[in-house]
2 protein chains.
Amino acid sequence: MSHYAFEAHDHETCVESGVATAEEICTERGLQLTRTRKRVLEILLSEHKAMGAYDILDVLRAEGLGSQPPVAYRALEFLINQGFAHRIERLNAFVACSHLEASHAPVFLICRLCNSVSEVQSDSRKSEISRLAKRAGFAVELMVREAEGICPKCARVA
Amino acid sequence: MSHYAFEAHDHETCVESGVATAEEICTERGLQLTRTRKRVLEILLSEHKAMGAYDILDVLRAEGLGSQPPVAYRALEFLINQGFAHRIERLNAFVACSHLEASHAPVFLICRLCNSVSEVQSDSRKSEISRLAKRAGFAVELMVREAEGICPKCARVA
DNA sequence: GCTTGATACGATATATCATAACGCTTATGC
DNA sequence: GCATAAGCGTTATGATATATCGTATCAAGC
């Protein structure tokens, strides 16, 4: 398993292949990865950190791609619906998906020092939440699993 | 395991014993369960649902206990720090703790139809998040585990 | 060509959630 | 009692998110 957010890696590849894969998937699904949507995805991919909608909007604004909140939120909604991005509930912020190839049961590890967010894939059926929900007769539709703490990089420095 | 939110139960007891236990704990810890804090706890205990800070504030306002947002947020902060209440990240809202006696590794089951929130206790060490974090060398300080879906009560009706 | 419907976008306004900062009051330890 | 800390009231503002209405674009069907 890889933890891009916490490890040195060729980051150019993350952005390029992220966008390329998203483009392929959109073509397959007959959807449009419009200029704004693509740019928002790139912005999110540019760092393994969560960004607020208004931070993203600032970039869009500077580039003349839109200046009002709905512009950012609509693009984010699209990216999230297609699984290209995730919302981090704990931060009210957004990250690019770093496991586009895989199916979805992400766990997010959020470093409170460097703000990096690592997405780890997991089998949702194995999760404690699923087990407890099943026992309670609760039908899970959506799962939020986030941990806040210190990433290995920051732990070494501290 | 009990799922008060999803089952018939003597709800008076929830409120009374919740407040009583909180009072005991505050005494032990040398803290003040002031009028406002106590009232906010009662409000939260009055239903097994998450309430927004402004909903709580409305009640306080109607009772002359405070009219500005900080009043509600301060009380909530206290209750959360003491473990008497929890924040539901997914909803930006708050619930009373329903397992005051137990230690903390709650999972929340949120019904999107009736808005009830059930708190289930779990051993945090067993959790998938802990396992994945450990593997990544990530030191977890705080965990968010929430599931949204349909509760058994609503499933029967639908 | 024209209409229709679907999708996306632009813009305004507003709703919702949260905190900083300041000064006053009350509780508590000595 | 007095000093200190804890709590509270209030104002102002910051941060996040959505409802709504109108317009542009494009493809499908006539």
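The analysis underlying the following values was restricted to heavy atoms, covering all of them including side chains, and did not include hydrogens, waters or symmetry mates. Just so we're on the same page: letters track the sequence lines, and every chain starts at 1.
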Hey, are the side chains of His48(B) and Cys14(B) touching, using non-hydrogen atoms and a 4.5 Å cut-off?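 His48(B) reaches Cys14(B) side chain to side chain.
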If you assign each of Pro70(A) and Gln32(A) to its closest nucleotide in DNA chain C, which residue comes earlier from the 5' end?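 Result of the comparison: Gln32(A).
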Between [atom2] of [N] and [atom1] of [X], the distance in whole Å:
| X | N | atom1 | atom2 | answer |
| --- | --- | --- | --- | --- |
| Leu33(A) | dT7(C) | CG | C1' | 15 Å |
| Ile80(A) | dT18(D) | CD1 | C1' | 14 Å |
| Arg29(B) | dT28(C) | CZ | P | 17 Å |
| Arg90(A) | dT16(D) | CZ | C1' | 16 Å |
| Arg39(A) | dC9(C) | CZ | C1' | 18 Å |
| Leu60(A) | dA11(C) | CG | C1' | 15 Å |
| Tyr54(A) | dA15(C) | OH | C1' | 11 Å |
| Met51(B) | dT16(C) | CE | P | 14 Å |

List the atom of His86(B), the atom of Pro106(B), and the distance in Å for their closest heavy-atom pair.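 Of all heavy-atom pairs spanning His86(B) and Pro106(B), the closest is CE1-CG, 4.1 Å.
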Might you point out which heavy atoms bring Met51(A) and Leu44(A) nearest each other, and give the distance in Å?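 In this case the closest contact between Met51(A) and Leu44(A) is CB-CD2, 4.2 Å.
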Spell out yes or no: do the side chain of Arg74(A) and the base of dG10(C) have one donor N/O and one acceptor N/O closer than 3.5 Å?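 Side chain to base: pair present.
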Would you mind telling me which residue lines up with the more 5' stretch of DNA chain D, Asn92(B) or Leu31(B), judged by nearest nucleotide?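 In this pair, the answer is Leu31(B).
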With nearest nucleotides of DNA chain D determined for Val71(B) and Phe94(A) from heavy-atom distances, which residue corresponds to the more 5′ nucleotide?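 Its nearest nucleotide being more 5', the pick is Val71(B).
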Please state whether the rings of Phe138(A) and Phe6(B) are parallel, tilted or perpendicular, taking 30° and 60° as the class boundaries.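 Answer is parallel, since the angle falls under 30°.
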At 4.0 Å (heavy atoms only), tell me whether Arg37(A) reaches a base, stays on the sugar-phosphate, or touches nothing.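 Arg37(A): backbone/sugar contact only, no base atoms under 4.0 Å.
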Only one of Val40(B), Val59(B), Leu60(B), Leu57(B) clears side-chain contact (heavy atoms from CB on, under 4.5 Å) with Leu65(B); which?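 So, applying the side-chain contact (heavy atoms from CB on, under 4.5 Å) to Leu65(B) and each of Val40(B), Val59(B), Leu60(B), Leu57(B), only Leu60(B) qualifies.
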Presence of [X] side-chain N/O under 4.0 Å of [N] phosphate oxygens OP1/OP2:
| X | N | result |
| --- | --- | --- |
| Tyr73(A) | dA17(D) | yes |
| Arg87(B) | dA18(C) | yes |
| Thr34(A) | dC9(C) | yes |
| Thr36(A) | dA8(C) | no |

Minimum-distance nucleotide to Pro69(B) side chain [options: dA18(C), dT7(C), dT10(D)]: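 Among the listed nucleotides, the one closest to the side chain of Pro69(B) is dA18(C).
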